[in-house]
*Asks:* 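To start, I am sharing the structure in question, which I have written as structure tokens.
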Amino acid sequence: MHTLIRNIKKLLLASDNSPKIVKGADMKNLSAIDNAFVLIENDRIVDFGPMSAAPERGAEKTIYATDAFVLPAWCDSHTHLVFAATREGEFIDKIQGVSYEEIARKGGGILNSARKLQETPEEILLESAYKRLLEVQSYGTGAIEIKSGYGLTFDAELKMLRVIRKLKEMTKMPVKASFLGAHALPVEYKDNRSGYIDLIINKMLPEIAGEGLADYIDVFCEKVAFSVAETEQLMEAGAKFGLKPKIHTNQFNCMGGIQACVAHNAISVDHLEVINEEEIACLLKSPTMATLLPSAPFFLNDHYPQARKMIDAGMAVALATDYNPGSTPSGKIPFVLSLACIKMKMLPEEAINAATVNGAYAMELSGEVGSISKGKLANMIITKPMDSVAYMPYAFGTDWIDQVMIAGEV
Ligand code: NIG
Ligand code: FE
């Protein structure tokens, strides 16, 4: 089955030697072909170029993208899509002045989500997570990473990871799973931190690896969660089971988490609302992606990562949603692009590179998604008619996506 998308006003990020990662000054370059076509065979891109080179006939299906842009679907490399319940109560608490960290210290926050998830049957979790997956797909997401971390017991963490595995089977978009057993310290372990770390390392990890349930290990490296030393211990244990680190760090404090993650070959360090010169220098010399999640500081009314400083220093950054019930009840990459531009002074082109090419890199999916290249999955966004790339982050809140194609299907 062939599908031809034709008369595309501008085809973005279409290249056969698309880089795996875009850094620094290169982030503002977004390749574009005017008046273009893309040819898809089954689930893959087989050709693209200017309309003058478009095949005349032979496609069973034709999509006219007149006046529209076509670009790769978003690669959302950081989400907590599986959860049992929303947390509007804490939203009200925050409006009335209680901080996110205070809520966490009082046993709310992640522990609140964990209590609910532990009681919720797997089928119910799957049903709600699948709805969210379809929702984010409608916003243009075509590859996603999903974390555990709201289980915090052996059974509940495995339950979450099994839900993620079922989601992988139910969708045609690539899904990566991260094991985030070290998201918060369960109350039962309040006076026995090493007991919980021990449970993760000696019980959870072997079972998870045995069943092949996770691609990555994640830790919430933060004062309210786990220390750098604990994070290192967990990264080392994960490595023994073939799980590379993708780590939550520098959300509220600079504690040396970035340096530790880089030393342990982390694929990405995520959040980075706070960062110092030494940490920027460390990331510059490493292949670790800096993944920024501006919807979280938006929702928590916190300060934003210094994306401008990072990019100007030569770093690569990725953008992701962090979709979760506590700090980011939103899985909408187009809004993330707007925040990136408005609050972090990223240019529209930089934001798009960050949510596509660099997002794919942060999930080790560069060979499959992130650009429009021959052989890659046909995961693309077809916009409504628009005049420029800048319209996408500019028109925040406007539904400017017309169609989303996943594996060749609209
Ligand atoms: O990435 N910061 C740690 N974890 C999530 C939020 C978890 C929650 O509040 O439920 C995040 O923001
Ligand atoms: Fe997160």
Side-chain angles (χ1 to χ4, degrees), residues 3 13-15 18-22 38 40-46 70-82 126 129-148 160-180 208 211-218 242-246 267-268 270 289 291 318-323 331-333 336 352-381 401 403-410:
T3 305
L13 284 169
S15 160
S18 138
K20 276 175 70 178
I21 184 167
V22 214
V38 181
I40 296 128
E41 186 178 352
N42 302 320
D43 59 343
R44 301 271 157 184
I45 296 159
V46 290
V70 171
L71 65 155
W74 315 125
C75 298
D76 190 351
S77 63
H78 182 134
T79 83
H80 308 248
L81 194 81
V82 180
L126 180 63
Y130 187 60
K131 276 193 198 140
R132 283 178 213 118
L133 189 73
L134 295 180
E135 181 206 351
V136 302
Q137 185 174 299
S138 77
Y139 304 145
T141 295
I144 193 165
E145 181 260 14
I146 309 174
K147 300 170 193 300
S148 71
M160 281 192 86
L161 290 166
R162 291 190 186 115
V163 168
I164 301 171
R165 181 166 62 191
K166 293 222 171 89
L167 291 172
K168 283 191 194 189
E169 292 160 8
M170 289 164 80
T171 177
K172 289 190 171 162
M173 76 167 81
V175 176
K176 290 282 180 127
S178 299
F179 168 51
L180 177 55
I208 288 162
E211 289 188 42
L213 285 171
D215 302 293
Y216 301 108
I217 184 159
D218 193 350
L243 303 184
K244 295 180 194 165
K246 268 176 79 65
I267 296 297
S268 66
D270 302 32
M289 180 60 71
T291 299
L319 287 167
T321 62
D322 199 16
Y323 195 178
K332 200 166 193 172
I333 291 272
V336 171
I352 291 171
N353 272 314
T356 55
V357 183
N358 287 353
Y361 178 92
M363 295 187 275
E364 297 181 290
L365 284 172
S366 306
E368 285 288 279
V369 288
S371 68
I372 294 175
S373 312
K374 287 175 206 149
K376 283 197 184 181
L377 275 173
N379 292 10
M380 287 178 273
I381 294 168
I401 292 177
Q403 301 182 65
V404 180
M405 178 181 275
I406 303 291
E409 282 171 29
V410 172

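The structure presented is a predicted model; accordingly, all values stated were derived computationally and were not measured.
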*Asks:* So D215 and K246, do their side chains get closer than 4.5 Å, heavy atoms only?
*Replies:*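 In short, these two side chains do not touch, never coming nearer than 4.5 Å.
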
*Asks:* NZ of K176 to CD1 of I146: how many Å apart, nearest 0.5 Å?
*Replies:* 12.5 Å

*Asks:* Could I get the full list of side chain to side chain contact (heavy atoms under 4.5 Å, CB included) partners for E409, not counting sequence neighbours?
*Replies:* K172

*Asks:* For A360 and G370, work out which heavy atoms get closest and say how close.
*Replies:*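 Taking A360 first and G370 second, the nearest heavy atoms are CB-CA, 4.0 Å.
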
*Asks:* Measure the spacing between CG of L167 and CD1 of I144 and express it to the nearest 0.5 Å.
*Replies:*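 Here the interatomic distance stands at 9.0 Å.
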
*Asks:* If you define the side chain from C-beta out and look only at heavy atoms, does anything of Y323 sit under 4.5 Å from L81?
*Replies:* yes

*Asks:* So which atom in V82 and which in A129 form the shortest heavy-atom distance, rounded to 0.1 Å?
*Replies:* CG2-CB, 4.0 Å

*Asks:* Just wondering, do L377 and P174 contact through their side chains at under 4.5 Å, heavy atoms?
*Replies:* yes

*Asks:* Where is the tightest heavy-atom contact between I45 and A378, given as atom of each residue plus distance?
*Replies:*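 Scanning both residues completely, I find the closest heavy atoms to be CG1-CA, 3.8 Å.
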
*Asks:* For K376 and V369, indicate whether the former's side chain and the latter's backbone hold a donor-acceptor pair under 3.5 Å.
*Replies:*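 Side chain of K376 to backbone of V369, a donor-acceptor pair under 3.5 Å: yes, one is there.
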
*Asks:* Say you draw a straight line from CD1 of I267 to CG of D218; how long is it, rounded to the nearest 0.5 Å?
*Replies:*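 One gets 12.5 Å once the value is rounded to the nearest 0.5 Å.
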
*Asks:* With a 4.5 Å heavy-atom cut-off, do L180 and H80 have their side chains touching?
*Replies:*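 Yes, at least one pair of side-chain atoms sits under 4.5 Å.
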
*Asks:* Using side-chain heavy atoms (C-beta onward) and a distance below 4.5 Å, is N353 in contact with L13?
*Replies:* yes

*Asks:* Under the side-chain hydrogen bond (donor to acceptor under 3.5 Å, both in side chains) test, which residues partner S178, sequence neighbours left out?
*Replies:*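 Expected list: E145.
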
*Asks:* Donor-acceptor pair, distance only, cut-off 3.5 Å: does the side chain of N379 make one with the backbone of A407?
*Replies:*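 Pair found, side chain donor or acceptor close to backbone of A407.
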
*Asks:* Would you say T356's side chain and I352's backbone share a donor-acceptor pair under 3.5 angstrom?
*Replies:*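 Pair found, side chain donor or acceptor close to backbone of I352.
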
*Asks:* Not counting sequence neighbours, which residues clear side chain to side chain contact (heavy atoms under 4.5 Å, CB included) with S15? List them please.
*Replies:*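 S15 satisfies side chain to side chain contact (heavy atoms under 4.5 Å, CB included) with N17, S18 only.
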
*Asks:* When you measure from the side chain of Y216 to the backbone N and O of M363, does any donor-acceptor pair fall under 3.5 Å?
*Replies:* yes

*Asks:* What's the spacing between I372 CD1 and I381 CD1 if we round to 0.5 Å?
*Replies:*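 The CD1 atom of I372 sits 9.0 Å away from the CD1 atom of I381.
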
*Asks:* Let me confirm one number: the CE-CG distance from M170 to L126, rounded to the nearest 0.5 Å.
*Replies:*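 That separation rounds to 4.5 Å.
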
*Asks:* Under a 3.5 Å distance rule, please check whether K20 uses its side chain to pair with a backbone N or O of E364 as donor and acceptor.
*Replies:* no

*Asks:* Is the shortest heavy-atom distance from the side chain of D76 to the side chain of V136 under 4.5 Å?
*Replies:* no

*Asks:* Quick check: closest heavy atoms across P72 and S371, and the distance to 0.1 Å?
*Replies:* CG-CA, 3.7 Å

*Asks:* Who passes side chain to side chain contact (heavy atoms under 4.5 Å, CB included) against Q403, sequence neighbours left out?
*Replies:*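 Side chain to side chain contact (heavy atoms under 4.5 Å, CB included) check on Q403 returns I63, I382, V410.
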
*Asks:* Between E368 and R44, is the closest basic N to carboxylate O distance under 4.0 Å?
*Replies:*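 So R44 pairs with E368 through a salt bridge.
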
*Asks:* Identify the two heavy atoms, one from I401 and one from S138, that lie closest to each other, and give their separation to 0.1 Å.
*Replies:* CG2-O, 4.3 Å

*Asks:* For the pair S268 (side chain) and D270 (backbone), establish whether a donor and an acceptor sit closer than 3.5 Å, ignoring hydrogens and angles.
*Replies:*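 Between the backbone of D270 and the side chain of S268 there is no qualifying donor-acceptor contact (under 3.5 Å).
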
*Asks:* For R165, what residues pass the side chain to side chain contact (heavy atoms under 4.5 Å, CB included) criterion, not counting sequence neighbours?
*Replies:* R162, E169, E211, L213

*Asks:* Does K332 use its side chain to pair, donor to acceptor, with the backbone of Y139 at less than 3.5 Å?
*Replies:* no

*Asks:* Do other residues, nucleotides or ligands put more than 12 heavy atoms under 6.0 Å from the NZ atom of K168?
*Replies:* yes

*Asks:* Rounded at 0.5 Å granularity, tell me how far CG in L319 sits from CH2 in W74.
*Replies:* 10.0 Å

*Asks:* Using side-chain heavy atoms (C-beta onward) and a distance below 4.5 Å, is M160 in contact with K147?
*Replies:*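 Sidechains of K147 and M160: no contact.
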
*Asks:* Hey, mind stepping through V357 and I21 against side-chain contact (heavy atoms from CB on, under 4.5 Å) and telling me if it holds?
*Replies:* CA-CA 6 Å; V357 183; I21 184 167; 5.8 Å; no

*Asks:* Go through the structure and list residues passing side-chain hydrogen bond (donor to acceptor under 3.5 Å, both in side chains) with Y130, not counting sequence neighbours.
*Replies:* none

*Asks:* How about R132 and T79: do any of their side-chain heavy atoms sit closer than 4.5 Å?
*Replies:* no

